[in-house]
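What follows is a set of notes on a single structure, which appears directly below.
Please read all numbers here as calculations on a predicted model, not as lab measurements. For ligands, and for the atoms within them, numbers begin at 1 and follow the listed sequence.
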Amino acid sequence: MSNRRPLKSLGQNFLVDGNIIDKIIHSADIKPEDCVLEIGPGRGALTGYLARKAGRLVLVEYDHALAAGLKKLYAGDPRVTVVDADILAVDLADLLKDAQGWKVVANLPYNISTAVLFRLLDVRDRLARMVLMLQKEVGDRLVAAPNCADYGVTTVLLGLWFDMRREFIVPPGCFHPSPKVDSAVLSFVPLPAPRVQVGDEAVFRRVVKGAFAMRRKTLINCLKAAELTSNTGLRGILADCGIDGQRRGETLSLDEFAALSRHFSGAAT
Ligand code: SAM
């Protein structure tokens, strides 16, 4: 495998702590019949274990030199496919189309982790479980409760479709090179149906993003700026949902966002 200096631009903080590698693999709970997607296998810290356990393994690596090394290493193993590509440009639905219940395992490059989460959200019906290493701060946001600073767009949008749990924290010394901040491993289990009915999901996303767009402004001003309906319509919807427009977006529960979204979906022009 390439020993070239890790590339900061690709978020290359390679795992070097065997105990953490074991814990991630244990948490992924790979069975011989499982199809597994690993995003950013890098120098293969997790890959060898996954290849030993899984029935099928797809690796998506954007660093051409590392992808070439992995192709060489697994050339004789028909269960392993190496895709030399940007995970944000890959057609994930197509990549995962041949099987149900994929497991996703990744120590994600931090600069694109949120974008990757949204791509995975879009293919949730193909997934059985994800175990992802994220910057701790990003993980804190995902599992936050309403009324706290960490609660935000990712909490609500991912929380609609996944049970998310922080498994453990990983300190900087477990990587080479060491990042400046702590990391966290989270597990994600997709729900068979959304946690609550939201009407049109595109509207739900607009409501949630709108509500958090200006954290210091009141909900009514945020939703006015989101232009989901007329100002009179907006006041009516807030009243129908029993939600005070003077509240801040971060005080709303998932149920309250869902109620707003259902009403806006009905009122959408
Ligand atoms: N899995 C390895 C480990 O745990 O040691 C490497 C993890 S490192 C944090 C992130 C990996 O993602 C690197 O190998 C990097 O080259 C790769 N990567 C970065 N951006 C990517 C992208 N857009 N698509 C696919 N892989 C990417």
Could you give the side-chain donor-acceptor pairs of residues 142-152 under 3.5 Å, partners two or more places apart or in another chain?
residue	atom	partner	partner atom	Å
Y151	OH	L252	O	2.5

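Screening residues 91-101 for side chain to side chain donor-acceptor pair (under 3.5 Å), with sequence neighbours left out, gives D94-K97.
Residues that satisfy the salt bridge (charged side-chain N to carboxylate O under 4.0 Å, His left out) test with D163, not counting sequence neighbours, are R195.
The closest donor-acceptor contact from the side chain of K103 to the backbone of D29 lies under 3.5 Å. The closest donor-acceptor contact from the side chain of D77 to the backbone of R79 lies under 3.5 Å.
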For ligand 1, output the ligand-protein N/O contacts shorter than 3.5 angstrom; if there are none, return none.
residue	atom	partner	partner atom	Å
ligand 1	1 (N)	G40	O	2.8
ligand 1	1 (N)	P41	O	3.3
ligand 1	4 (O)	N107	ND2	2.9
ligand 1	5 (O)	L15	N	2.8
ligand 1	14 (O)	G42	N	3.4
ligand 1	14 (O)	E61	OE1	2.8
ligand 1	16 (O)	Q12	NE2	2.8
ligand 1	16 (O)	E61	OE2	2.6
ligand 1	23 (N)	D86	OD1	2.8
ligand 1	24 (N)	I87	N	2.9
ligand 1	26 (N)	Y62	N	3.3

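A salt bridge is absent between K23 and E167: the closest approach of a Lys/Arg side-chain nitrogen to an acidic carboxylate oxygen does not fall below 4.0 angstrom.
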